[in-house]
**Student:** 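Have a look at this one.
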Amino acid sequence: MNPAHVSRTVHDKALGDPLGAEAAEVRGAGAEAIMRKWLRRIRGALGMGFTWAAAWFAVGFVPRWVFGVYTDLPLPLLFGALGFIAGVTFSGLLVLTEGRRRLDQLSLPRVAGWGAIGGVLLSALFVRGASLGWGEVLAISTTFALASAVSASGSLALAGRAVRRELPDSRGDTAEAELTDYEKRKLLGGGN
């Protein structure tokens, strides 16, 4: 038997098992990391919801200005609320299906497809709360699916644009930085 192990065991009994406390601390750190991950996802879902809400709010003015539609409930408010729910739904679908990928790592058809599925789910919730005929259900489902697919594609475009605008890490990680054509010629000795 190892004397260090025996003395540690006796020491642990005398102090009330400090290794158990250390293990609990490690478990607490793991739980903290999981909590940070979920908080980041929730913050991302809310950000996506507010972004879509702003876009759908702006689109809500179109029926009033173009077609002269006036309703008791202002359409921009209704569209904004639906856009928020659609954005959060889309974000939830992405977490469930594409959890390990960032938005800028996905293809446009895939993101548009998940957006359309989120729109159909939103229309199911909307239709469930209202007594509508089959023609109206089909029109609402198609409209929400199309609007969500367009919003998802726009989210992907914004994510791609944000990634292109990022600077390389300040820790000296410049391997991914691209040189301009002038810099390449100058480096190779072809330009002044």
Side-chain angles (χ1 to χ4, degrees), residues 26-63 73 75-169 171 173 175-178:
V26 169
R27 281 192 305 270
E32 187 177 317
I34 291 170
M35 184 61 77
R36 274 195 309 264
K37 177 178 163 184
W38 277 104
L39 287 174
R40 189 179 72 242
R41 286 182 174 174
I42 290 169
R43 191 174 56 240
L46 291 175
M48 185 76 67
F50 285 123
T51 303
W52 285 30
W56 287 33
F57 180 84
V59 170
F61 286 106
V62 171
L73 176 65
L75 290 179
L77 292 179
L78 176 65
F79 282 23
L82 291 172
F84 178 81
I85 296 169
V88 170
T89 303
F90 169 70
S91 184
L93 278 173
L94 281 183
V95 166
L96 290 175
T97 58
E98 308 286 341
R100 296 198 178 264
R101 296 182 184 174
R102 292 189 321 260
L103 192 59
D104 65 318
Q105 295 173 330
L106 299 172
S107 68
L108 184 64
R110 188 177 198 107
V111 169
W114 288 123
I117 290 170
V120 170
L121 289 174
L122 175 64
S123 68
L125 289 174
F126 186 77
V127 168
R128 178 84 171 136
S131 300
L132 302 174
W134 283 107
E136 294 163 327
V137 168
L138 182 62
I140 288 173
S141 297
T142 305
T143 303
F144 282 3
L146 181 63
S148 293
V150 168
S151 296
S153 300
S155 297
L156 179 66
L158 285 174
R161 187 173 186 199
V163 167
R164 284 191 300 270
R165 296 180 98 193
E166 284 182 0
L167 296 175
D169 285 339
R171 294 172 287 182
D173 184 20
E176 294 180 7
E178 290 283 331

**Student:** Where is the tightest heavy-atom contact between Ser91 and Ala45, given as atom of each residue plus distance?
**Tutor:**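 So the minimum-distance heavy-atom pair works out to OG-CA, 3.3 Å.
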**Student:** With rounding to the nearest 0.5 angstrom, report the OG1 to CH2 distance, Thr51 to Trp56.
**Tutor:** 13.0 Å
**Student:** Answer whether the closest heavy-atom distance between the side chains of Leu78 and Leu75 falls below 4.5 Å.
**Tutor:**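 Yes, their side chains come closer than 4.5 Å.
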**Student:** First locate atom CG of Leu122, then atom CD1 of Ile117, and finally report the distance between them rounded to the nearest 0.5 Å.
**Tutor:** 14.0 Å
**Student:** For the residue pair Phe90 and Trp52, categorise the inter-ring angle as parallel (less than 30°), tilted (30 to 60°) or perpendicular (more than 60°).
**Tutor:** parallel
**Student:** Quick check: does any side chain N or O of Ser153 sit under 3.5 Å from a backbone N or O of Ala149, one acting as donor and the other as acceptor?
**Tutor:** yes
**Student:** Quick check: do Leu94 and Leu106 have side-chain heavy atoms less than 4.5 Å from each other?
**Tutor:**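 Leu94 vs Leu106: side chains touch.
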**Student:** So does Val120 get a backbone contact from the side chain of Ser123, meaning a donor-acceptor N/O pair under 3.5 Å?
**Tutor:**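 Indeed, once roles are kept as given, a pair shorter than 3.5 Å links the two residues.
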**Student:** Can you name the nearest heavy-atom pair linking Ser148 to Gly118, along with the distance?
**Tutor:** OG-C, 4.5 Å
**Student:** Which atoms form the tightest heavy-atom contact between Phe50 and Phe84, and what is the distance?
**Tutor:** N-CD1, 3.7 Å
**Student:** First locate atom CG of Leu73, then atom CZ of Phe79, and finally report the distance between them rounded to the nearest 0.5 Å.
**Tutor:** 10.0 Å
**Student:** Look up atom CG in Leu146 and atom OG in Ser141, then write down how far apart they are to the nearest 0.5 Å.
**Tutor:**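 The OG atom of Ser141 is 12.5 Å from CG of Leu146, to the nearest 0.5 Å.
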**Student:** At what distance, to the nearest 0.5 angstrom, does CZ of Phe57 lie from CG of Leu82?
**Tutor:** 13.0 Å
**Student:** Measuring from atom CE of Met48 to atom OG of Ser151, what distance do you get when rounded to the nearest 0.5 angstrom?
**Tutor:**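 So the CE of Met48 and the OG of Ser151 are separated by 10.0 Å.
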